[in-house]
There are 2 protein chains.
Amino acid sequence: MTPPTVKLSTLKTACKNCKLHQLCLPLGLENNDMDQLDNIIKRAKPYQKGEYLFQHGDNFDALYAVRSGSVKTFSQDDNGDEQITGFYLAGEMMGLDAVHEGFHPCSALALETTSVCKIPFTHLEELSAKLPSLQHQLLRIMSKEITEDQALLILLGQKSAEERVAAYLVNMADRMEKRGFSSVEFNLSMSRKDIGNYLGLTIETISRTFSHLQQDGLINSQRKHIEILNTEKLRAIAGLPKISCGLKSTG
Amino acid sequence: MTPPTVKLSTLKTACKNCKLHQLCLPLGLENNDMDQLDNIIKRAKPYQKGEYLFQHGDNFDALYAVRSGSVKTFSQDDNGDEQITGFYLAGEMMGLDAVHEGFHPCSALALETTSVCKIPFTHLEELSAKLPSLQHQLLRIMSKEITEDQALLILLGQKSAEERVAAYLVNMADRMEKRGFSSVEFNLSMSRKDIGNYLGLTIETISRTFSHLQQDGLINSQRKHIEILNTEKLRAIAGLPKISCGLKSTG
DNA sequence: CGTCCCCTTGATGAGGGTCAATGGGCGTGG
DNA sequence: CCACGCCCATTGACCCTCATCAAGGGGACG
């Protein structure tokens, strides 16, 4: 049998076939609701490392969900000071901050070859009005973004360099695990400089802290490649409960 | 514990009569749509200074909009480290971060006598599905919260103590002006300690910075009472252009 | 094989945290 | 009405963490 000619339409990755749909916008949707969502989503060719998905000031017309690869978003103030506001992995949504003013207040740059789903926002709003669980999930995702920004605020406002770096590594490990990768051995797609900027530290401090954690036998870091040797101690430094500890106060 | 509701007749403030509706959730709604929103909103008796609107871990069932007074929200990590994530003035909405997990990840405390509108969330979702402009405004408000958190991230990640304090004062001044108060003379409802925590600084640094700005003739501060003597220089220190264009929030 | 960029490591110093003492408002109670 | 005590704010002295400046190593890629 000769293989049929390849049609892009058939290769399209539908939400219901996408391994990410438990992490992404379609969470909680019925199958045929997912089809409706599929119909408005655009899947374009991948971005190469260093390409912008959108830039600060661009008109806002769509949300972006990472399908594979990774992206950093960063905002700039009027002095040109740059602050990375997030690193986005598969299943995570970008552009939520642009709804308010109708243009993107931050820029998004691919950290490696990255493919995305582009979700035109007016269509999404229309569809959300028809599908309660889609509306709910959209609100949940926005809420999650707020929660995560606030977690970062605690890091930047209250924590030492070592605590920030530990929290960062634990966070990355957890997210890797959610995506089916190893939580104790992975590659960081972002540079030390990016990590430093994200955590409010300099590149030198990041480097020294990595070295220090390595000397203490908590991690093994070879440039981008990270091995976590002692998850429990790392979580402790990060100020997070040990996984099995039920002693935290619930107010 | 929430204060009991009192007779509507005494407190009846419909959205369409509320001076805040250009800053708040009803923005963009037709008059009779506003009536529908009114029907689901609960207006309870005011909270006294030091009372909690909700606490970390509480079940999430409603959003809160400040009608008068002011509120601080703060989250706690497992070490008990506290980070104030926002100060909320009239027309501003709290609880958006709770949608994600279904409980409040932060606590909200009245900084002075404060009255609020309580908006049951499931009702709001139902109504949003029927009123496109309500849905849109809800999404915009969530988006605004994200944008503001990210502005704070830049402050905490990149700015010196003096820049942070200046930016804080400019921000408060702008918000006062939007609410019809003077932008050059106002009272801060929060303590130095709260400001310090919010900005990632100690109370001593806040106090010293205020004194320094006063010596330079930029402000006049008598405890809670603030006079801004040189808006332009203050904006310059804050890293903002002369007239606000980065952080302007039109609701 | 050379160049560039990223990362690492060391030396030094400053910004802001920490500790300590004092003063001023304000509420409470005599 | 005044006195007391508490809390908040201010100010000073000292110190520590992390930024800054500087130099050098090691991959990646042409």
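Each chain gets a letter, A, B and so on, in the order the sequences are listed, and its residues count up from 1.
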Hey, what's the ring geometry for Phe74(A) with Tyr52(A), parallel, tilted or perpendicular (30° and 60° as the breaks)? tilted
Measure the distance from NZ on Lys49(B) to C1' on dC7(D) and round it to the nearest whole Å. 10 Å
Nearest-angstrom distance from the residue atom CD of Gln158(A) to P of dG16(C): 16 Å
Rounded to whole Å, the NE2-C1' distance (His212(A) to dT9(C)) equals 14 Å
Rounded to whole angstroms, how far apart are CG on Leu199(B) and C1' on dG16(C)? 14 Å
In whole angstrom, give the distance that lies between atom CD of Gln222(B) and atom C1' of dA9(D). 11 Å
In whole Å, what is the span from the CZ atom of Arg192(A) to the C1' atom of dC5(C)? 14 Å
Residues that Ser160(B) engages under side chain to side chain donor-acceptor pair (under 3.5 Å), provided they are two or more places apart: Glu163(B)
Charged N to carboxylate O below 4.0 Å: is that the case for Arg208(B) and Glu204(B)? no
Which nucleotides of nucleotides 17-30 of chain D have their base under 4.0 Å from a protein heavy atom (B), which only their sugar-phosphate (S), and which neither (-), written as one string 5' to 3'? -SSBB---BB----
Sort and list the pairs that fulfil salt bridge (charged side-chain N to carboxylate O under 4.0 Å, His left out) and have at least one residue in residues 214-230 of chain B, not counting sequence neighbours. none
May I ask you to verify if any side-chain N or O of Lys224(B) is less than 4.0 angstrom from the OP1 or OP2 atom of dA9(D)? yes
If I take atom CE in residue Met190(A) and atom C1' in nucleotide dC6(C), what distance separates them, rounded to the nearest angstrom? 15 Å
In terms of heavy-atom contacts, does CZ of Phe60(A) have more than 12 from other residues, nucleotides or ligands at under 6.0 Å? yes
Less than 4.0 angstrom between a side-chain N/O of Lys193(A) and OP1 or OP2 of dC5(C), yes or no? no
Mind checking whether Tyr64(A) and Tyr88(A) have ring centres under 6.0 Å apart? no
In whole Å, I'd like the distance from the CD atom of Gln215(A) to the P atom of dT9(C). 8 Å
